[in-house]
Every structure is written in C-alpha cells, then in structure tokens.
> 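Have a look at the structure that comes next, please.
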Amino acid sequence: MEFIEAKTILQRASHGEEWFGIDYNMNLYKGCCHKCIYCDSRSNCYQVEDFDRVRGKKDEIEILNKELKGKRKKGVIGIGAMSDTYNPFEKQYEITRKALELISYYKFGVSIETKSNLILRDIDIFKEINRKADVILKFTITSADDNLSKKIEPNVCVSSKRLKAMKQLSQQGLFVGTLLTPIIPFITDSEENIKNVIRLSAENGAKFVYSIGGVTLRENQREYFYEQLDKIFPNLKEKYIKTYGNNYFCYPLNKNLGKVFKEECEKYGLLYKMKDIVKAYKKEIEKEEQLTFI
C-alpha cells in the first residue's frame with residue numbers, strides 16, 4: 001500500500017448534527033477497494049483520483065495524536081464517510097485500531113460506518129471508549145439477499161456476515177444499527193427487501209435503521225454505475241436514462257416505500273429519525289449525572 005503526504009487528519013464537521021451528531025470527520029485511508037456499484041464517494045466533486053486504489057497517509061497516527069491533544073472541545077469523531085476504514089489493508093497495518101486507541105485515550109467519542117466484519121476485532125476498544133464517551137456503529141446493508149449484495153458490493157463481506165457482526169457488537173452493549181442506504185431503484189427498492197432488511201436488523205440487535213431513500217448519480221459516479229449495470233443487469237441502464245435523465249438524486253418510483261419503511265421500523269421498535277437516534281446514543285445528561293457522583 002502506498003502512503004501519501006497528509007497535513008491534517010481531523011476536520012471539524014460542518015453539518016455534524018445532520019449526520020449522527022458528529023463533531024469531527026476523519027478518513028484514515030484514501031480510496032476504497034470495495035467496488036460498490038453505487039458509491040457516491042467516487043464522484044468528481046470529492047477529487048479522489050484512482051478511487052479503487054487504497055492509500056494510507058504518512059505519519060497519520062502521530063499527526064492525529066497532536067490534533068487530539070490540542071483540541072479543547074471533546075466530541076464524536078466520524079470515521080468511514082468517504083472510505084471504509086475496515087478495508088483489507090487494515091488487517092496488516094491496524095491504522096484504525098491505533099487511531100481508536102488514541103480516541104479512547106483522549107476521551108473522544110466515535111461514530112463509524114462500515115460494510116466489514118473486521119470491525120469485530122476492535123470490540124475491546126469500543127467498549128473502553130463507551131465507558132467514557134459516546135459510541136455509535138453503523139453497518140450499511142442495502143440488500144437482505146446475500147447473492148444480490150455480492151453483485152452490488154463485490155469486494156466486501158455479504159449482508160448476513162454484517163448482520164452477524166452487528167449482533168455480536170450489540171451483545172457487548174454497544175449502540176449499533178443499519179444504514180439502509182442507498183435504496184437503488186429497480187434493484188433493491190422492493191417492499192419485500194425493505195421489510196427484510198428492517199426485520200433482520202431488529203433480530204440482530206439494531207437500535208435503529210436510517211435511510212436517505214434513493215441513489216445519487218453525478219459526474220464519474222454515474223458513468224461507473226452505468227458500466228456496472230451493463231455488466232450485471234443488462235438493459236437496466238437504458239431504463240435509468242429514460243426514467244431519470246441526468247437527475248442527481250434518483251428516488252424509487254414506488255411512493256409507498258416511505259410508509260412501509262416507517263411502519264416496519266415502528267413495528268420492531270427501531271428508531272429511524274436522525275434526531276431520535278442522536279438523542280438515544282449520546283445520553284449526555286445521564287453521563288453528566290454519573291460524573292457528579294464520582
């Protein structure tokens with residue numbers, strides 16, 4: 001793996017409350033090798049050249065240590081928005097694990113999104129962080145069917161393995177849930193799939209399921225998505241072009257999906273609104289009260 005220059009690792013989150021209440025953003029790797037056909041991070045606006053090639057950052061643990069040490073305001077650090085931090089290289093280099101150890105040491109919280117069951121390796125650190133700060137762990141699950149998930153997310157473990165990992169994390173008292181996003185028109189937008197993902201999430205210890213609805217398509221991402229459709233789902237590209245043209249956001253045509261999503265989440269007692277999820281995992285008032293007794 002190549003290591004590139006980096007001046008900073010930690011960035012202030014500009015819209016953190018809108019995305020799980022995070023205060024800071026951190027991407028420990030650049031690029032991602034999962035090759036998910038729908039990945040928004042492939043878009044030109046993010047300026048990640050050769051997106052499929054994973055690169056580390058030189059001296060990033062040392063840089064992160066200095067940045068965390070210098071922060072007066074504690075908060076939740078979001079990891080994995082642009083590149084899955086549990087890619088195959090993490091097994092060897094353990095960059096994420098080392099970063100989590102620093103996060104724990106400086107008493108910051110963490111918010112992670114992943115498609116990998118490698119996250120189980122770090123249960124001990126998550127539990128340690130959770131004793132003094134906030135932890136929320138999210139698994140992207142777009143399809144309840146392993147065969148379909150393997151087609152649209154080819155280089156990562158299938159949905160059933162992610163759900164199994166979710167259950168193990170939940171059993172350790174960690175706040176976990178599902179990102180049912182994107183919902184891909186004509187591929188994963190059936191009512192049956194939505195119901196099954198929500199049901200399986202509940203059965204495997206999820207506290208929430210969150211979704212933004214459809215799929216985004218913009219420059220470079222759109223071209224890659226269409227190339228993959230031609231390979232995996234012949235003739236579907238033409239249907240997209242006819243239905244959505246050059247739309248940035250492509251919503252499923254079934255207008256009933258939103259109602260199905262809400263009803264199923266409520267049926268299983270799962271949170272699905274961002275403000276409720278943030279309130280549930282942060283528990284700030286409870287922690288402040290506990291501190292007064294020390």
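Position 1 is the first residue of the sequence; numbering continues from there. Quick caveat: nothing in here was measured; it's all calculated off a predicted structure.
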> Sequence neighbours left out, what pairs pass salt bridge (charged side-chain N to carboxylate O under 4.0 Å, His left out) with at least one residue falling in residues 233-242?
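Checked against salt bridge (charged side-chain N to carboxylate O under 4.0 Å, His left out) - neighbours excluded - the pairs reaching residues 233-242 are Asp230-Lys237.
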> Is a donor on one side and an acceptor on the other found under 3.5 Å between the side chain of Lys98 and the backbone of Ile61?
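Not at all, since once roles are kept as given, no pair shorter than 3.5 Å links the two residues.
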> Side chains of Tyr29 and Arg55: does their closest heavy-atom pair fall under 4.5 Å?
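Not touching, per the 4.5 Å side-chain cut-off.
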> Could I get the full list of salt bridge (charged side-chain N to carboxylate O under 4.0 Å, His left out) partners for Lys138, not counting sequence neighbours?
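Listed in chain order: Glu113.
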> Measure the spacing between CD of Glu67 and CG of Leu102 and express it to the nearest 0.5 Å.
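The CG atom of Leu102 is 11.0 Å from CD of Glu67, to the nearest 0.5 Å.
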> Could you tell me whether Asp84 and Lys115 make a salt bridge, using a distance below 4.0 angstrom between a side-chain N and a carboxylate O?
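Salt bridge: no.
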> Between Cys250 and Pro185, what is the shortest heavy-atom contact and its length?
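Smallest heavy-atom distance, with atoms named: O-CG, 3.5 Å.
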> Atom CD1 of Ile9 and atom NZ of Lys57: how far apart are they, to the nearest 0.5 Å?
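Spacing of CD1 (Ile9) from NZ (Lys57) equals 5.0 Å.
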> I would like to know whether Thr8 and Gln11 meet side-chain contact (heavy atoms from CB on, under 4.5 Å); could you show each step before the answer?
CA-CA 8 Å; Thr8 183; Gln11 295 86 36; 3.7 Å; yes
> My understanding is that only residues two or more places apart in sequence, or in another chain, count here; which of them pass ring-ring contact (aromatic ring centres under 6.0 Å, His included) with Tyr240?
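Tyr240 satisfies ring-ring contact (aromatic ring centres under 6.0 Å, His included) with Phe186, Phe225, Tyr244 once adjacent residues are dropped.
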> Parallel, tilted or perpendicular: which fits the ring planes of Tyr210 and Trp19, with parallel below 30° and perpendicular above 60°?
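The rings of Tyr210 and Trp19 stand perpendicular, inter-plane angle above 60°.
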> So does Gly205 get a backbone contact from the side chain of Ser170, meaning a donor-acceptor N/O pair under 3.5 Å?
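Judged by distance alone, yes, a pair lies under 3.5 Å.
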> Any heavy-atom pair between the side chains of Glu62 and Lys66 that's under 4.5 Å?
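Not touching, per the 4.5 Å side-chain cut-off.
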> Residues two or more places apart in sequence or in another chain: which of them pass ring-ring contact (aromatic ring centres under 6.0 Å, His included) with Phe249?
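ring-ring contact (aromatic ring centres under 6.0 Å, His included) list for Phe249, sorted by chain: Tyr251.
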> Do you know which two heavy atoms are closest between Ala13 and Asn25, and how far apart they sit?
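Nearest heavy atoms, Ala13 then Asn25: CB-ND2, 4.0 Å.
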> Would you please test Phe208 and Phe175 for ring pair (Phe, Tyr, Trp, His ring centres under 6.0 Å) and show each step?
CA-CA 9 Å; Phe208 66 91; Phe175 194 93; 5.7 Å; yes
> What distance separates Leu200 CG from Ile141 CD1, expressed to the nearest 0.5 Å?
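Going from the CG atom of Leu200 to the CD1 atom of Ile141 covers 8.0 Å.
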> Going by salt bridge (charged side-chain N to carboxylate O under 4.0 Å, His left out), name the pairs with one or both residues in residues 178-202, residues two or more places apart or in two chains.
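Checked against salt bridge (charged side-chain N to carboxylate O under 4.0 Å, His left out) - neighbours excluded - the pairs reaching residues 178-202 are Arg199-Glu203.
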> Tell me, please, which residues at least two apart from Asn44 pass side chain to side chain contact (heavy atoms under 4.5 Å, CB included).
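Counting only residues at least two positions away or on another chain, Asn44 forms a side chain to side chain contact (heavy atoms under 4.5 Å, CB included) with Glu219, Asn220.
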> Kindly give the heavy-atom pair with the smallest separation between Ser104 and Ile129, and that separation in Å.
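It is CB-CG1, 3.5 Å.
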> Could you measure the distance from the CG atom of Leu64 to the CD atom of Glu101? Nearest 0.5 Å is fine.
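Leu64 CG to Glu101 CD: 11.5 Å, rounded to 0.5 Å.
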> Classify the side-chain pair Asp40/Tyr46 by whether it contains a donor and acceptor separated by less than 3.5 Å.
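Looking only at side-chain atoms, Tyr46 and Asp40 do form a donor-acceptor pair, the distance falling under 3.5 Å.
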> State, yes or no, whether a side-chain contact exists between Pro88 and Cys33 at a heavy-atom distance under 4.5 Å.
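Contact flag for Pro88/Cys33 side chains = yes.
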> Mind checking whether Val197 and Thr178 have side chains closer than 4.5 Å, heavy atoms only?
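Yes, their side chains come closer than 4.5 Å.
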> Output all residues satisfying side chain to side chain contact (heavy atoms under 4.5 Å, CB included) with Lys35, sequence neighbours left out; order by chain, then residue number.
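Lys35 satisfies side chain to side chain contact (heavy atoms under 4.5 Å, CB included) with Asp52, Pro154, Asn155, Tyr224 once adjacent residues are dropped.
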> Flag the pair Ile232 / Ile37 as yes when at least one side-chain heavy-atom distance between them is below 4.5 Å, and no otherwise.
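With C-beta onward as the side chain, the pair touches.
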> When you compare the side chains of Tyr38 and Gln221, does any donor N or O come within less than 3.5 Å of an acceptor on the partner?
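The answer is no; no qualifying pair exists.
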> Where is the tightest heavy-atom contact between Gly214 and Pro182, given as atom of each residue plus distance?
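Minimum heavy-atom contact is O-CB, 3.3 Å.
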> Specify the closest pair of heavy atoms between Glu94 and Lys91, including all atoms of both residues, with the distance to one decimal.
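Scanning both residues completely, I find the closest heavy atoms to be CG-O, 4.0 Å.
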> For Tyr105, does the OH atom have more than 12 heavy-atom neighbours from other residues, nucleotides or ligands under 6.0 Å away?
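12 or below, so no.
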> So among Ile79, Val76, Ile125, which one has a side chain to side chain contact (heavy atoms under 4.5 Å, CB included) with Ile103?
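It is Ile79; the other options fail the test.
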> Can you find a heavy atom in the side chain of Leu68 that is under 4.5 Å from one in the side chain of Ile77?
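Answer yes - side chains close enough.
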> Test of understanding: with salt bridge (charged side-chain N to carboxylate O under 4.0 Å, His left out), list the residues that count as partners of Lys73, not counting sequence neighbours.
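So Lys73 forms a salt bridge (charged side-chain N to carboxylate O under 4.0 Å, His left out) with Asp23.
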> Do Tyr86 and Asp122 have side-chain N/O donor and acceptor atoms under 3.5 Å apart?
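On atom types as modelled, these side chains qualify, holding a pair under 3.5 Å.
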> Mind listing the closest non-hydrogen atom pair of Ser211 and Ile183 along with its distance?
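Of all heavy-atom pairs spanning Ser211 and Ile183, the closest is OG-CD1, 3.5 Å.
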> Going only through I, L, V, M, F, W and Y residues with side-chain contacts under 4.5 Å, is there a path from Tyr226 to Phe51?
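Tyr226 and Phe51: separate clusters.
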> Any donor-acceptor pair under 3.5 Å linking the side chain of Asn130 with the backbone of Phe126?
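Checking the backbone N and O of Phe126 against the side chain of Asn130, no donor-acceptor pair under 3.5 Å is found.
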> Between Lys164 (side chain) and Asn204 (backbone), is there a donor-acceptor pair under 3.5 Å?
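Pair absent, no side-chain N/O of Lys164 close to backbone of Asn204.
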> Are Leu148 and Thr188 close enough that some pair of their side-chain heavy atoms sits under 4.5 Å apart?
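A side-chain contact under 4.5 Å exists here.
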> Please round to the nearest 0.5 Å and tell me the distance separating atom OG of Ser43 and atom CD of Glu223.
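So the OG of Ser43 and the CD of Glu223 are separated by 9.5 Å.
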> Taking 4.0 angstrom as the limit, do Arg97 and Asp124 come out as a salt bridge?
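Salt bridge flag = yes for Asp124 with Arg97.
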> With sequence neighbours left out, write down each residue that passes side chain to side chain contact (heavy atoms under 4.5 Å, CB included) with Lys71, or none if nothing qualifies.
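Partners of Lys71 by the side chain to side chain contact (heavy atoms under 4.5 Å, CB included) criterion, ordered by chain and then number, come out as Leu10, Tyr24, Phe108.
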> Side chains of Ile136 and Phe20, heavy atoms from C-beta outward: is any pair under 4.5 Å?
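Yes; the side chains approach each other to less than 4.5 Å.
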> Could you give all pairs that pass the salt bridge (charged side-chain N to carboxylate O under 4.0 Å, His left out) test and reach residues 1-12, with sequence neighbours left out?
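The answer is Glu2-Arg53, Glu5-Lys58.
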> Between Val158 and Lys161, does a side-chain contact (heavy atoms from CB on, under 4.5 Å) hold up when you go through it step by step?
CA-CA 6 Å; Val158 293; Lys161 291 186 178 180; 4.1 Å; yes
> May I have all residue pairs that pass salt bridge (charged side-chain N to carboxylate O under 4.0 Å, His left out) and include part of residues 142-155, sequence neighbours excluded?
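Every salt bridge (charged side-chain N to carboxylate O under 4.0 Å, His left out) pair that includes a residue of residues 142-155, provided the two are not neighbours, is Glu153-Arg162.
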> Between Ile198 and Cys265, is the side-chain contact (heavy atoms from CB on, under 4.5 Å) condition met? List the steps.
CA-CA 7 Å; Ile198 293 172; Cys265 285; 4.0 Å; yes
> Applying ring-ring contact (aromatic ring centres under 6.0 Å, His included), name anything that partners Phe3, two or more places apart in sequence or on another chain.
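For Phe3, the residues satisfying ring-ring contact (aromatic ring centres under 6.0 Å, His included) (neighbours in sequence not counted) are Tyr93.
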> Under a plain distance cut-off of 3.5 Å, with no hydrogens placed, do Ser143 and Ser159 share a side-chain donor-acceptor pair?
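Ser159 vs Ser143: no donor-acceptor pair found between side chains.
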> Under the side-chain contact (heavy atoms from CB on, under 4.5 Å) rule, what do Thr181 and Thr142 come out as? Steps first, then yes or no, please.
CA-CA 6 Å; Thr181 233; Thr142 55; over 6 Å; no
> Report the distance from atom CD of Gln172 to atom CG of Leu120, rounding to the nearest 0.5 Å.
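With rounding to 0.5 Å, CD (Gln172) is 10.0 Å from CG (Leu120).
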